[in-house]
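Because the structure is predicted, anything quoted here is derived from the model rather than measured. Proteins come first, then strands; the chains are lettered A, B, ... in the order of their sequence lines, and each starts at number 1.
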Amino acid sequence: MSTPYAALILEDRVHGSLYTDTQVFADEMDRIFRRGWVFVGHDSEIPKSGDWVTRQVGRESVIMVRDRGGAIHVLANRCAHRGNRLCWRERGNGNSFQCIYHGWTFGLDGSLRAVSHKAGFDRDRAEMPLDRAGQVGLHRGFVFANMSGDAGTLADHLGAGGRDLIDRLCDLSPTGNIRLSAGWIGHRVESNWKMWPESDSDGYHLDFVHASMLRAQPDNYYHDTVIGGESANVSRAVDHGRGHTELDLRPSYSRELAWLGVGRDRVGAYCDALEARHGKARAERLLWDGPPHGFIFPNLFLGEVNIARIDPLDVGSMVHAHTVIQLEDVDDALNRRLLRQSEAALGPASFIVPDDAIIAERMQLGFQGLRPPASGSSASGGWIDLSRGRAREQRQPDGTRVGHVSDETTNRAFWHHYRHVMESRA
Amino acid sequence: MSATELATARPLLVPEPLRREIEAFLYLEARLADESRYAEWEKLVADDMHYWVPKGAADYDPAERLSYINDNRPRLATRIRQLMTGVRHAQTPPSPMRRIVSNIEVLAIDDVAGTYTVGSNFVLYELAVQSGATLRVWPGRVTHRLRRVGGELRMSQKIVELVTATAPQWNMAFLI
Ligand code: FES
Ligand SMILES: [Fe+2]
């Protein structure tokens, strides 16, 4: 029986079984993670020809590789002969991929180049490349892919809002390019993957979930931007459409560079470099606004200076993997500061995300045993309320929907798009 | 001494009273961490402390690549301050923990700096009571650097190389 998504996802509430039902998870891996655009990595991670990293798209292991001509391919990490995994390390470099089972060799573009003992092999090699993502697209170095190849254009998927989030991040680098060179830290969480597009863009929980961080770090910029009383706080929750969301902290910063925790005296050369690129007015704006806090559907979190991706493992288990942006043409000291800032915020031993992970795991426990309600019945239990701020959020001329930072505008945005995808790709 | 040199170092034979003193320090440090006695544990820490849990082996510059933990003394003070708020939910209540410390070897002595570099293996058992109450096992190797401060041993470095360090990690909000 197919899952009645329209009955489980209403505008102001969703049913908890969506986080625990294995059929829902299987549908998601197909409709969202195989047939939709998914964030894979960044081109700075594979700067040279032959560089590769392994990633997952949905539950499928893939290789993101740069070929001799500089093109980036996203290949299934699965030998085209009998399916042996080709690469089992996190990263590497080479001229080709050789399978150690029977020695078939594949080019950096996935083509089958050589078959061992070839007299007994009567197929055309050209018919036997590695499986590959049907579409690969880049925006400012961010690599996205979809396996099916019929997901429309990346530009359509990102929309103006998604592109703007990425642009605002990259524009903070004096060259316009960021580098993801600091490695990824994986944080294993026993929760459904959907807890994270929700919690990473939830502006309602900080003074509770992160009370200990706020007390231990009285100078953290979240005090000004997300805490501070419902009426005093002017940060915004934004629905950019297509499931992309943002906590827009810009209106709350009380000084430039607050997001970096330093003043201009400490990073003067950086400020000058930004001014040289963008002109005085725009540079001042960028230094004040800082990097965005946004989520790009379905698996990319832009958390100020951090980048995180969501890797689902099964219906109740996932990895929140993060790295930190490194800027080009700046002092090492600035990039090191970003690294230290990232270690404080994200990862299994950081001051922030372990507390979110506990909430996600407890929600997952809370949803155990729920069954989808009989059709048409919303009276039975297990519903999650997402109604907060419906009355005060407003649609803007650019099509975005904007609420108070503590409103569930972002959660509704995620679910609205989720429902659309799950129904339209049924 | 570099990490690679330390890895191949032959253990030093040290006088028995010193060996016992070093062992006693390691066991006390382990017990205070196991019992989440944060303030008492912090008293074992020297002012120039480096507390490092690398991603993978401790063979890279933590200034250039991310680590699970890379605390200098002020960052470690923040960590402990946070744990002591009582609302660090990832450790509320604190995980019941016990670690077995073994294979203790004195790997280097620096007479000028007055430091002892000590390697040991450990297996830590943690019951993650904050969520699903699952038992998690954290095996690894620690390299301590110890120094005498006012006659007492203190640690100025604790490097924890987890066996699982290249794989994703569950919440590690306790003192590992
Ligand atoms: S499975 Fe790869 S060569 Fe046979
Ligand atoms: Fe959070």
Side-chain angles (χ1 to χ4, degrees), chain A residues 89-90 181-191 208-218 220 306 311 313 316-324 326 332-333 335-340 342-344 346-365 368, chain B residues 38 50-57 59-72 74-95 126 128-134 136 138 160 162 164-176:
Chain A
R89 287 182 299 131
E90 239 180 293
S181 55
W184 293 82
I185 294 285
H187 187 174
R188 172 86 187 259
V189 186
E190 301 308 304
S191 82
F208 293 93
V209 175
H210 302 302
S212 65
M213 179 277 290
L214 293 165
R215 282 185 220 169
Q217 292 188 302
N220 190 290
N306 308 287
D311 290 343
L313 298 178
S317 179
M318 40 91 41
V319 174
H320 196 264
H322 82 276
T323 187
V324 61
Q326 298 282 271
D332 287 349
N335 278 331
R336 289 174 181 199
R337 163 170 279 279
L338 297 175
L339 236 105
R340 295 288 81 83
S342 179
E343 273 161 355
L346 275 78
S350 65
F351 300 153
I352 298 184
V353 174
D355 295 317
D356 297 301
I358 282 298
I359 299 298
E361 292 186 353
R362 288 186 191 166
M363 286 171 74
Q364 191 70 23
L365 292 169
Q368 294 305 306
Chain B
Y38 308 120
H50 182 215
Y51 177 36
W52 185 26
V53 184
K55 186 196 166 186
D59 60 358
Y60 66 91
D61 179 357
E64 285 175 5
R65 269 171 49 198
L66 288 169
S67 303
Y68 298 110
I69 295 175
N70 181 33
D71 288 359
N72 58 13
R75 180 62 68 84
L76 179 56
T78 304
R79 181 177 301 283
I80 289 171
R81 220 167 38 241
Q82 182 184 26
L83 284 164
M84 298 201 357
T85 59
V87 286
R88 169 59 155 169
H89 302 295
Q91 272 299 300
T92 308
S95 301
E126 182 223 354
V129 285
Q130 308 81 18
S131 57
T134 46
R136 292 174 182 165
W138 305 80
V160 183
L162 292 165
T164 57
T166 54
Q169 302 295 322
W170 284 290
N171 264 2
M172 203 196 296
F174 47 82
L175 295 172
I176 192 156

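- Interface residue A/His322: backbone and side-chain heavy atoms are both found under 4.5 Å from chain B.
- A distance-only check finds no donor-acceptor pair linking the side chain of B/Arg81 to the backbone of A/Ser212 [under 3.5 Å].
- In terms of heavy-atom proximity, A/Phe351 sits nearest to B/Gln82 at O-NE2, 2.8 Å.
- Nearest approach of A/Ala349 to B/Ile69, heavy atoms of both residues: CB-CG1, 3.4 Å.
- Looking only at heavy-atom pairs under 4.5 Å with chain B, the residue among A/Pro354, A/Ala344, A/Gly186, A/Ala321 that has the most is A/Pro354.
- At a threshold of 4.5 Å between non-hydrogen side-chain atoms, the residues A/Pro348 and B/Tyr68 count as touching.
- In this structure, CZ in A/Arg215 is found 5.5 Å from OG1 in B/Thr85, a value given to the nearest 0.5 Å.
- Among A/Glu343, A/Gln217, A/Glu361, A/Gln326, the residue making the largest number of heavy-atom pairs under 4.5 Å with chain B is A/Glu343.
- Your options are A/Arg188, A/Met213, A/His187, and the one with the most heavy-atom pairs under 4.5 Å with chain B is A/Arg188.
- Contact annotation for A/Glu90: only side-chain heavy atoms (C-beta onward) come within less than 4.5 Å of a heavy atom of chain B.
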From CA spacing to verdict: side-chain contact (heavy atoms from CB on, under 4.5 Å), A/Arg336, B/Glu64: CA-CA 7 Å; A/Arg336 289 174 181 199; B/Glu64 285 175 5; 3.5 Å; yes
Derivation of the side-chain contact (heavy atoms from CB on, under 4.5 Å) call for B/His89 and A/Ile359: CA-CA 9 Å; B/His89 302 295; A/Ile359 299 298; 5.6 Å; no
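- When heavy atoms are compared at a cutoff of 4.5 Å, A/Leu365 approaches chain B solely by way of its side chain, counted from C-beta outward.
- Across all their heavy atoms, B/Val87 and A/Ala211 have their closest contact at CG2-CB, 4.0 Å.
- In this structure, B/Arg75 contributes its side chain and A/Arg340 its backbone to a donor-acceptor pair below 3.5 Å.
- Of all heavy-atom pairs spanning B/Lys55 and A/Ile185, the tightest one is CB-CD1, 3.9 Å.
- Proximity to chain A (any heavy atom under 4.5 Å) is restricted, for B/Thr92, to the backbone atoms N, CA, C and O.
- We find the CG-OG distance between B/Leu66 and A/Ser350 to be 11.0 Å, quoted to the nearest 0.5 Å.
- Atom CZ of B/Arg65 is separated from atom OG of A/Ser181 by 10.5 Å, given to the nearest 0.5 angstrom.
- Residue contact with chain B, scored on non-hydrogen atoms closer than 4.5 Å, involves the backbone and the side chain of A/Val324 alike.
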